Amino acid sequence: MLVEADGGSRGNPGPAGYGAVVKDAETGAVLAERAEGLGVTTNNVAEYTGLVAGLTAAAELGASIVDVRMDSKLVVEQMSGRWKIKHAALQPLAEQARELAARFERVSYEWVPRAQNSHADRLANEAMDAQAGKRTEAPANSPARWTGAQGKPTRLLLLRHGQTEMSVDRRYSGRGDVPLTELGRQQAAAAAKRLAALPGVAEGEPVPVVASPLTRTKQTAQAVADAIGGRVETHQGLLETDFGDWEGLTFKEAAERDSELHSRWLRDFTVPAPGGESFERVHRRVLAFRDELLETHAGRTVIVVSHVTPIKSLLRMGLDAGPSLLFRLHLDLASLSIVEFYPDGNASVRLVNDTCHLS
């Protein structure tokens, strides 16, 4: 994939912003765009932030080989190792870029004239216009361009907890309070490192981290909070489904124990597990959590650490999909999904079940 990135500042330092675009290397098709205002900072900080955003987007798309093209001679020479990075403000950004680059098989850096970097330059200028208070169109990667969505979205980074002994054996694990395994702790650390480098998380104040109150999710969330310098809040609405009498059983064991009920449970999301709750009830409490979160953290990025069913429910809301999604969508341990909710009721699912940070 090709990553084209740019950044700028009106005043240096002044109202700043970055733009980044990811393209298919063979066809030139645009695969992703990123643009954001950065407050008051310098050109070089904005350019490096654009590079980090572009590499992050390429990683989210599963790229293995990345060619970076920028019109910043400074960034290209420093990232190529030919120039030293002396400015203290650029060193942490360069380190983030190196950590992202290490995930790919190969990354190359090429300087190009500004005219050949016009796409990223336009996105950066739109971000600078917005930062300076000028009215501008939504970035091309925003649903506002094709749905008419209005306002700044609340961006939820949805992280499933890491491995537990129950998940090793693929057992129903709802309210049972089991800790992470050693591998689970490693998965949580890898996910935390990934989240800490994402645009919107890597700069500014630490973003909120909200988790289910169970041990496995709190341990995963704490790894994230430690990585970004934040703290963990818990919410009952993010609890996993109460599987009742099926807690600790495998799929086969539950099906053999309650054959007819288990079959109905898989077809009808209003049917509760014996002594437990239905997926419909879970969906209602997750919806209440979502509405509360959108009111409390409107327009912000929030990291949500939870379980399979609550994360599927949030993705279902973003897709405006029916309950069959719960049975057809797979979520791996420590996987990352992203959904944005707009204040006018629109939504956009941006990523589902990404585990590139675990490879």
Side-chain angles (χ1 to χ4, degrees), residues 1-23 30-61 66-79 85 87 89-101 107 109-134 136-142 144-145 152-153 155 196-205 207 299-301 338 340 350:
M1 296 182 187
L2 299 178
V3 170
E4 298 172 359
D6 198 11
S9 171
R10 304 277 168 76
N12 197 31
Y18 70 80
V21 58
V22 182
K23 298 180 180 179
V30 175
L31 304 177
E33 291 177 320
R34 300 288 185 268
E36 189 172 5
L38 297 173
V40 175
T41 190
T42 65
N43 285 329
N44 292 338
V45 167
E47 288 166 342
Y48 259 108
T49 307
L51 171 62
V52 169
L55 292 174
T56 299
E60 291 176 351
L61 290 166
V66 175
D67 295 326
V68 177
R69 297 175 182 175
M70 300 182 67
D71 58 59
S72 170
K73 187 75 169 177
L74 176 82
V75 175
V76 169
E77 292 299 315
Q78 288 181 341
M79 290 304 298
I85 305 172
H87 199 292
L90 302 183
Q91 290 170 354
L93 289 167
E95 182 59 29
Q96 287 180 34
R98 290 193 194 98
E99 290 177 356
L100 285 164
V107 178
Y109 299 92
E110 178 186 0
W111 177 85
V112 295
R114 184 171 295 276
Q116 295 180 26
N117 199 32
S118 58
H119 194 147
D121 178 68
R122 173 178 59 80
L123 292 174
N125 274 284
E126 289 176 353
M128 283 185 279
D129 286 343
Q131 193 65 58
K134 297 181 180 180
T136 185
E137 290 186 359
N141 68 322
S142 168
R145 282 289 184 90
K152 185 177 181 180
R155 184 173 184 238
L198 290 180
V201 178
E203 63 276 343
E205 296 182 4
V207 303
R300 298 187 64 187
T301 295
I338 301 175
E340 295 176 343
R350 311 301 297 270

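Nothing fancy with the numbering, it's 1 onward along the sequence. Bear in mind that the values here come from a model prediction, so they are computed numbers and not experimental data.
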(request) Assess whether side-chain contact (heavy atoms from CB on, under 4.5 Å) is satisfied between Val22 and Glu60, documenting all intermediate values. (result) CA-CA 11 Å; Val22 182; Glu60 291 176 351; over 6 Å; no

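The nearest pair of heavy atoms linking Pro113 to Asp71 is C-CB, 4.1 Å. Between Val52 and Ala197, the shortest heavy-atom contact is CG1-O, 3.6 Å. Smallest separation of non-hydrogen atoms from Ala58 and Val3: CB-CG2, 4.0 Å. Ala46 and Gly17 make their closest contact through CB-O, 3.6 Å (heavy atoms, listed as atom of the first residue, atom of the second, distance). Nearest heavy-atom pair across Ala127 and Gly37 is CB-N, 3.9 Å. Of all non-hydrogen atoms in Glu47 and Ser72, the two that sit nearest each other are OE1-OG, 3.1 Å.
Side-chain atoms of Asp6 and Leu123, non-hydrogen and from C-beta on, never get closer than 4.5 Å to each other. Considering only heavy atoms from C-beta on, Leu2 comes within 4.5 Å of Arg69 through its side chain. Side chains of Glu77 and Trp111 form no contact here, defined as non-hydrogen atoms less than 4.5 Å apart. The shortest distance between side-chain heavy atoms of Met79 and Val68 does not fall below 4.5 Å.
In this structure, Glu4 CD and Met70 CE are separated by 10.5 Å, a value rounded to the nearest 0.5 Å. Summarising the geometry, atom CE belonging to Met1 is positioned 5.0 Å from atom CG belonging to Leu61; distances are rounded to the nearest 0.5 Å. One finds the CD atom of Glu126 at 8.5 Å from the CD atom of Glu33 (value rounded to the nearest 0.5 Å). One distance of note links CD of Gln96 with OG1 of Thr49; it measures 8.0 Å at 0.5 Å rounding. Interatomic distance, Arg155 CZ to Arg350 CZ, rounded to the nearest 0.5 Å: 7.5 Å. One finds the CG atom of Leu55 at 12.0 Å from the CD atom of Glu99 (value rounded to the nearest 0.5 Å).
Using a 4.0 Å cut-off between charged side-chain N and carboxylate O, Asp129 and Arg10 make a salt bridge.
Formation of a donor-acceptor pair under 3.5 Å by the Thr56 side chain with backbone atoms of Leu198 is not found in this model.
Here the rule is side chain to side chain contact (heavy atoms under 4.5 Å, CB included) with Ile85, and of Leu74, Leu93, Leu90 only Leu90 fits it.
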